[in-house]
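Here is the naming used below: chain letters follow the sequence lines, and residue numbers restart at 1 for every chain.
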Amino acid sequence: MVELDEAWALNQRVSLRPERFGALAYHFGNRRLSFLRHPDLVEVAESLADLPTVADALRAAGVEEPRWGSFQRALGTLASSDMIVRRDAVPPGKEQVAPPPVAALAEGKPS
Amino acid sequence: MVTDQPRAATRSLADDFKLGLEAPICLTWELTYACNLACRHCLSSSGRRDPAELSTAECYGVIDELQRLGVFYVNLGGGEPMLRRDFFDVVEYSTAHQVGVKFSTNGTYIDAPAARRLASMDYLDIQLSIDGASAAVNDSLRGAGSWAAARTAMDHLAAADFGAFKISVVVTRHNAHQLDEFRSMAADYGAQLRITRLRPSGRGADTWDELHPTQQQQRDLYHWLLDRPDVLTGDSFFHLNALGTEQLPGLNLCGAGRVVCLIDPVGDVYACPFVIHDEFLAGNVRDSGGFTGVWRGSDLFSSLREPTSAGACASCGAYDACQGGCMASKFFVGLELDDPDPECVLGHGEAALAERGLNGSPVPRPGADHSRPGAPVPVSIGTRPG
């Protein structure tokens, strides 16, 4: 299960390719193919690594709260096939940078 | 494999795929028609190298294009792809350009050093072909010594710690009873079993009648696969779905020209690896628009992405499950593309086959025959020299 207050990222071995229905995701490690069937889900998956939490990524993509449950389930499926992975709370490579204020994220302006 | 997604889409994923993708998910790329074997069911009638085969530089150009298109991986094959002197160059160029490689080989040229080199490479997967769990069954189809060569290659890959390579089996009437043995063989090597459907393509056009599984074997196979989701199939058995309410894992659709295609050794682009024939030739990677132009602009591919009619299958309740089966199988046994699959599990194929040719049209012959005229042809099982 992917929790809203957790930090996740797209697996670095996963390649995303936009398609009219969303995107295809291919995992070069386990060679599995997955389908992201909504453009919003693509945006969320791509931004996970740059934002502190799942909730931040959902908010930044403009996903309204009533839809968060279905996005959590979709992210859970992506997690079960290793397409997205848990990470430490601070985004990798950004250890020295303070997390952006949540307010800025809510306005869709991640630093 | 298909993930749950937010909000039920108005179209199914299969419907999306039928309309075609911006680029193939993967494609088969036969690197050469040269082959040291002369398998009786070879889908590309391989044997002799074609003088017009793509040069190394042209191969690199195709890979550059595939990278730009975001094609995730290529299935390199042949012929025997390792017979190309630039085989490792092409593989390394591809993986260095984010186009993963799976390649199909008969294993003859995987000696210990080659196995170590292959094991050291990332984004690489190997499909080793073997069509009998015993030498007798395999060699009757693939030629004397080919079973031993494949097993030796597997030994080398295991010794080199390659990891989970694939053991690739075409299911025939003669090996269908050996599937458990193949699975044990894979387990012994830490490998994965991959089985695919025999098509009447290439030299298979002449051997299909004798080799394709019986109806009972097809029924057994359906249940065997349902019980063993770890066995890979390349989605090639979706016609079996008409046997029950439970679907085999996969997309359950013909991907030809929609999500997959074939590039042959001379750069010709066909709708799928099993339809090497002018009727399914979409263009050539040497054309001015390159592969991209063919994928996006060919009239043939456009027509394959249009909604298909159920044709003769319209009155059958199983059409949604089987999608009418395989285009290539129908074509090379002389059926119309909207006829039932010749191996229809509900028996409609036999009736269609009985009626074929009544309108006087000949059964199409596979194109691009590169068979070696003098090559020894393996002897079929049950054939007793007189």
- Between atom CD of A:Glu19 and atom CG of B:Leu19, what is the distance when rounded to the nearest 0.5 Å? 11.0 Å
- Heavy-atom contact with chain A under 4.5 Å, split by part of B:Leu232: neither
- Query: Which atoms of B:Ala23 come close to chain A, meaning under 4.5 Å heavy atom to heavy atom: side chain ones, backbone ones, both, or neither?
  - Reply: both
- Inter-chain contacts: residues 71-78 of chain B against chain A, heavy atoms under 4.5 Å: B:Val71, B:Phe72, B:Tyr73
- Is B:Asp299 atom CG crowded by more than 12 heavy atoms from other residues, nucleotides or ligands, each under 6.0 Å away? no
- Query: Given the options A:Val63, A:Leu24, A:Leu16, which has more heavy-atom pairs under 4.5 Å with chain B than any of the others?
  - Reply: A:Leu24
- Under the 3.5 angstrom rule, does the side chain of A:Arg31 hit a backbone N or O of B:Lys102 as a donor-acceptor pair? no
- Message: What part of B:Ile25 gets within 4.5 angstrom of chain A, counting heavy atoms only: side chain, backbone, both, or neither?
- Response: both
- Could you give me the CA-CA distance, side-chain angles and deciding distance for A:Phe28 and B:Asp125, then say whether side chain to side chain contact (heavy atoms under 4.5 Å, CB included) is met? CA-CA 10 Å; A:Phe28 282 97; B:Asp125 199 7; over 6 Å; no
